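The model shown is predicted, which means the values in this text are computed figures rather than measured ones.
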Amino acid sequence: MATEATKRPDYRGTLNLPQTEFPMKANLPQREPARIAWWAEHRIYQRRLESNGEGRPWILHDGPPYANGGLHMGHFLNKVLKDIFVKVNLLDGRASRFVPGWDMHGLPIEMETLKHLGVHFRSVPPAELREKCRERALYWLDIQRDLFMRMGCFGLWEAPYRTIDPSFEGTIVDALADLAQQGYLYKGLRSTYWCPTDETALADAEIEYRDHVSPSVYVRFPADAAQRGDLLSRFDGQVSEAGDLPLAVMCWTTTPWSLPGTVGVAFNPEAEYGLFRFRHAAGGEDLLIFATALLESVLARVPGTTAQTLATTTGAHLVGGEVHHPFMEFMVRLVDAPYVELETGTGAVTTAPGHGPEDFETGVRCGLPIVTPVNERGDFTAEAGIFHGLNVLRDANAKIVEHLRANGTLYCSVDYSHSYAHCWRCHNPVIFRATSQWFMALDVNHLRRRTTEQVADVRWHPAWGEERMRLMIENHPDWCLSRQRTWGTPIPAFDCQECGAEILDPRVARHVAALFREHGATIWWTWDAPRLLPAEFCCPQCGSAKLKKEMNIVDIWFESGVTHLAVLGSEQMPWPADVYLEGSDQYRGWFRSNLLTSMAIKGTPPYREVVSTGWVVDPEGRAMHKSAGNYIAADDAMNTYGADVMRLWIASVDYEADVRVGASILANVGEVYRNLRNRVRFILGNLFDFLPQQTVPADRLHPIDRLALAVTDALAERCARAYREFRLHDVYLALSNFVNDDLSAFYLDALKDRLYSSAAGATGRRSAQSVLWHIAKTLMALYAPVLSFSAEEAWQSVPPSLREGVDSVFFLKLEEPHEASPEGAAAVWSLVKGLRAQVKAQTAVEGRDFELRALVSADAATAATLEGLGDDLREALVVSACDVTAGSENGVSMELARTDGEKCARCWKYLALGADPAHPFVCGPCAEVVRSL
RNA sequence: GGGCCAUUAGCUCAGGUUGGUUAGAGCGCACCCCUGAUAAGGGUGAGGUCUGUGGUUCGACUCCACAAUGGCCCA
């Protein structure tokens with residue numbers, strides 16, 4: 001063995017093997033924080049923004065997260081996606097200035113603060129409670145900001161917009177002034193969701209549906225003699241066996257507490273109703289009216305009864321009749337309502353316009369009185385008679401059922417489990433109350449029509465977003481803007497003490513807005529009315545100066561609905577935004593609220609494009625919940641996998657639909673990450689001795705290198721286009737295919753011989769390096785929006801002489817300008833790649849790569865093309881010799897055979913050895929290189 | 001209960017703008033090669049009734065209807 005070693009010396013030291021400081025192992029969780037500090041210290045984002053200064057900035061307007069807790073994977077998806085597109089545009093030469101924002105007012109924070117303090121909101125003075133809420137919101141803002149920065153997101157983190165800033169509060173009130181001036185705001189009685197626990201009206205968005213068990217009651221609404229005659233006549237006089245039995249309508253409700261406010265009974269006008277002769281188990285008999293379709297169901301619930309059908313008619317025929325209330329003093333009108341369904345109950349539904357939106361609508365349409373005998377705490381008022389003082393959610397149902405049973409009007413009461421509206425924060429059931437609230441009208445000034453029309457002018461991603469938004473606007477009721485809470489921005493309304501006028505005057509609103517900008521909105525609680533009003537302002541109706549401020553705050557969806565007015569509109573942050581990007585729940589939320597305020601105040605949408613994302617779900621496709629045990633906190637994921645792997649995960653999925661995440665999914669992404677990282681590492685390793693001035697001009701590159709250049713430029717073009725069109729997954733697929741298939745398995749593999757065994761400064765080697773440097777820059781730039789940490793790390797590992805003073809990967813261009821590629825380059829590339837694949841497929845049979853010589857035969861044209869590649873064809877096939885012959889047949893075929901040569905101890909190709917007696921085991925070219933060292 | 005969206009190999013996704021030969025890729029897995037990208041690299045292979053059921057058609061993963069499962073929004 002010793003003699004063998006001396007006979008065949010080790011030439012390893014004479015080769016140009018890769019060297020790089022870019023480590024193979026990423027250690028992302030440990031290294032990423034230092035990268036963030038470096039970006040901040042060197043003001044990388046700000047400097048690129050400044051150098052991109054010309055032209056209109058590209059603005060992705062940030063939808064504000066709610067500052068009331070930690071961050072989950074949904075937050076990660078949201079903010080990182082935004083960051084990716086911000087960086088795409090940054091690298092693409094635009095000033096993509098990202099101003100992050102936070103939604104900081106509102107009930108959830110107020111609740112969280114009260115819980116934190118352990119007190120009830122009535123026990124804390126408003127100004128003090130507001131200060132505590134502010135502290136709490138700022139506390140969460142800091143935590144969230146740190147995490148967003150930890151994700152690697154670029155943005156103006158030191159100057160975010162916050163809905164609690166006095167300037168923002170001023171914008172909110174100015175927006176109300178604009179709306180008031182144009183006649184959008186009105187005060188109206190409305191049946192609104194009302195939370196008796198929190199004592200506030202709730203927006204639709206503040207409602208969640210949960211299962212709830214209610215007593216489902218069948219109640220007798222008796223008719224007196226006159227009413228009886230009238231009702232019987234409505235059965236077309238076909239009633240012969242009625243005798244003188246008493247008559248009643250059998251009504252149904254799942255909210256017995258609404259009975260004191262029940263002033264109507266609704267029938268489905270198209271359904272059939274029967275007049276039934278009822279024999280009760282106890283012995284009595286009477287006549288009852290209810291839906292025929294529900295007869296069996298009713299009999300099943302009122303045991304021991306039998307019924308005989310005397311006559312039938314339609315619901316429409318019964319409308320206009322009247323019966324007595326089962327216990328109140330007033331009469332109840334029979335009305336029609338299309339929503340009355342015949343699946344459960346009796347088809348005769350109690351209607352309390354003060355306690356339900358449908359009932360309210362029916363009441364208004366049919367002229368019923370709007371009765372609301374329930375106060376803000378859910379207690380019956382004196383208007384409810386004997387039930388005065390009972391609470392509708394606690395004891396009213398039981399007491400009312402008991403009373404019905406006692407006075408003989410209850411047929412049946414059974415527990416009924418159904419989906420019922422609950423408060424989103426305290427999770428208690430909510431009720432409806434008719435209360436006086438401020439509304440934004442959607443049909444004033446053709447707002448609804450103009451909005452649905454202009455929805456078509458926005459580019460929606462995915463495309464179905466347009467239809468979804470259009471339907472959303474078409475079906476939306478007027479927007480209830482007022483809330484009866486403390487932590488928010490006051491609605492600048494005053495009530496006249498003399499004439500009772502409710503005043504929301506634009507002039508007053510602008511005055512208040514200016515005061516808020518200067519002093520903050522808390523002055524609404526600490527200043528008296530005269531100080532808040534413009535000098536000499538009097539009631540526009542009666543001229544009285546005795547005005548009292550209202551204590552309503554504005555819906556927080558209105559606050560976030562005017563972020564476009566608060567944040568955009570300057571030269572640096574122009575209005576409208578280029579893009580809004582949020583989860584698909586925001587079609588109903590922020591996309592819509594911004595659209596409506598913008599259409600009303602500015603006349604056009606606040607965005608040109610809208611991107612919506614799916615939901616982050618667990619590996620089985622189920623929603624994530626802390627209580628379900630499948631919840632992943634954003635910081636935990638980053639600490640485990642590193643932000644860059646998490647960021648790559650986002651590119652690996654189709655974010656427009658729901659995206660799954662879990663340990664095995666992220667492990668897969670981790671493998672792809674290592675691929676992408678090692679490709680760049682290998683390329684950088686081969687550039688350790690390369691200098692920019694050694695770059696070989698395109699026209700003198702090796703043929704295969706020119707093809708590689710062309711293929712790389714095509715990739716960059718394709719990726720850049722996909723990036724600009726938000727097709728992130730296409731970038732991911734294109735990059736991983738390129739890096740694995742074109743580079744690792746083909747080009748880089750082929751290049752090793754030339755890079756390693758040529759003389760360091762040989763033109764051929766510099767040609768390869770020239771192209772490798774171009775590929776490296778291309779890849780790092782394309783990686784940077786997604787793999788921000790790793791791309792930057794790679795860039796910092798490039799020898800400074802090669803980097804030429806470019807400090808950061810974020811100073812590169814997304815797509816380097818380049819000359820047109822040679823005609824058909826991609827086809828030639830594929831052709832050669834295909835031949836190389838054939839070689840590889842046969843190496844197991846025929847021998848190792850370099851042990852082979854290839855005999856390629858092709859039609860004349862193809863042969864000419866292949867011959868044009870010169871020795872690069874041999875190199876690309878990784879064989880020791882290659883001959884091309886032109887045949888007459890179409891296409892290309894190849895034969896492989898063993899070479900005659902011996903293995904060169906230095907380059908490992910099989911060639912004639914020993915031309916230089918000093919180096920007997922080495923081929924001619926290698927001997928020459930070695931001699932020159 | 002209604003609207004919208006999704007459902008293609010173990011996982012993440014392509015695909016077919018006009019339905020037409022053996023539905024593709026990466027990762028994982030199994031086996032093999034290399035050891036001068038080495039806590040790397042290369043090759044080969046096994047995995048799919050394209051969620052299900054009907055329908056239209058000479059022919060459907062692709063069009064239509066219904067259903068299931070999951071998601072978002074609403075009631």
Side-chain angles (χ1 to χ4, degrees), chain A residues 10-20 22-26 204-205 207-209 339 341 343 357-358 418-421 462 464-465 467-472 474-476 583-589 592 612-624 648-649 651-654 656-686 729-730 732-741 743-746 748-749 751-753 755-757 836-837 839-845 847-849 878 906-908:
Chain A
D10 182 7
Y11 285 95
R12 202 168 184 274
T14 71
L15 297 167
N16 313 300
L17 295 178
Q19 305 168 23
T20 178
F22 187 52
M24 185 177 288
K25 191 159 171 17
D204 298 354
I207 295 298
E208 61 181 27
Y209 286 84
Y339 53 80
E341 47 106 12
E343 313 247 315
E358 288 179 328
H418 59 142
S419 184
Y420 188 83
W464 50 255
E467 177 72 356
R468 186 160 179 180
M469 180 56 79
R470 199 175 54 72
L471 290 171
M472 204 71 81
E474 281 174 0
N475 298 325
H476 193 253
S584 59
D585 55 332
Q586 299 304 334
Y587 284 103
R588 191 180 169 78
R592 187 185 59 170
S612 76
T613 76
W615 225 240
V616 179
V617 296
D618 78 5
E620 276 71 50
R622 299 227 152 60
M624 285 186 161
L648 186 61
W649 161 70
S652 80
V653 297
D654 173 13
E656 290 185 345
D658 292 342
V659 295
R660 300 182 180 207
V661 71
S664 65
I665 291 169
L666 291 171
N668 268 353
V669 175
E671 291 301 321
V672 177
Y673 170 82
R674 285 167 57 191
N675 266 332
L676 294 171
R677 181 182 179 93
N678 278 330
R679 270 354 142 228
V680 167
R681 176 172 186 271
F682 179 65
I683 294 171
L684 292 183
N686 282 295
H729 188 73
D730 287 359
Y732 173 85
L733 289 177
L735 276 178
S736 21
N737 277 326
F738 177 75
V739 131
N740 289 313
D741 193 46
L743 292 185
S744 193
F746 179 53
L748 297 180
D749 204 27
L751 230 41
K752 281 191 278 190
D753 179 45
L755 287 167
Y756 295 174
S757 49
R836 169 59 181 149
V839 174
K840 284 202 269 203
Q842 290 189 48
T843 48
V845 185
R848 301 266 301 284
D849 297 333
V878 199
R906 183 167 177 278
C907 73
W908 293 354

Query raised in the report: Under 4.0 angstrom, heavy atoms only, what part of the nucleic acid is A:Arg906 near: base, sugar-phosphate, or nothing?
Result: base
Query raised in the report: NA contact type, A:Asn675, heavy-atom cut-off 4.0 Å: base, sugar-phosphate, or nothing?
Result: sugar-phosphate
Query - Side-chain donor/acceptor of A:Arg470 to base of B:C4, under 3.5 Å - result: no
Query raised in the report: Mind checking who B:A6 pairs with, Watson-Crick or G-U wobble, both distances under 3.5 Å?
Result: B:U69
Requested in this report: Give A:Arg622 one of three labels, base, sugar-phosphate or nothing, depending on what nucleic acid heavy atoms sit under 4.0 Å from its own.
Outcome: sugar-phosphate
Query raised in the report: When the C1' atoms of B:C63 and B:U57 are considered, how many whole Å apart are they?
Result: 10 Å
Query raised in the report: What is the base-pairing partner of B:G24, counting Watson-Crick and G-U wobble geometry with both distances under 3.5 Å?
Result: B:C13
Query - B:U35 and B:G43, which share atom name C1', separated by this distance in whole Å - result: 15 Å
Query - Distance, P atom - from B:G10 to B:C64, rounded to whole angstrom - result: 28 Å
Report task. Determine the contact category for A:Gly621: base if any of its heavy atoms lies under 4.0 Å from a base atom, sugar-phosphate if only primed atoms, P, OP1 or OP2 are that close, otherwise nothing. Result -> sugar-phosphate
Query raised in the report: With a non-hydrogen cut-off below 4.0 angstrom, is A:Trp908 in contact with a base, only sugar-phosphate, or nothing?
Result: base
Query raised in the report: Which is true for A:Asp749 with a 4.0 Å heavy-atom rule: it touches a base, it touches only sugar-phosphate, or it touches nothing?
Result: nothing
Query raised in the report: B:C11 and B:U7: how far apart are their P atoms, nearest whole angstrom?
Result: 14 Å
Requested in this report: Compare side-chain N and O positions of A:Tyr756 against OP1 and OP2 of B:A37 and report whether any pair is under 4.0 Å apart.
Outcome: yes
Query raised in the report: Donor-acceptor pair under 3.5 Å: do we get one between A:Ser736's side chain and the base of B:A25?
Result: no
Report task. Would you indicate what A:Arg681 reaches in the nucleic acid, counting non-hydrogen atoms under 4.0 angstrom: base, sugar-phosphate, or nothing? Result -> sugar-phosphate
Report task. Give A:Leu733 one of three labels, base, sugar-phosphate or nothing, depending on what nucleic acid heavy atoms sit under 4.0 Å from its own. Result -> sugar-phosphate
Query raised in the report: Base, sugar-phosphate, or nothing: which does A:Ser664 touch, judged by heavy atoms less than 4.0 Å apart?
Result: nothing
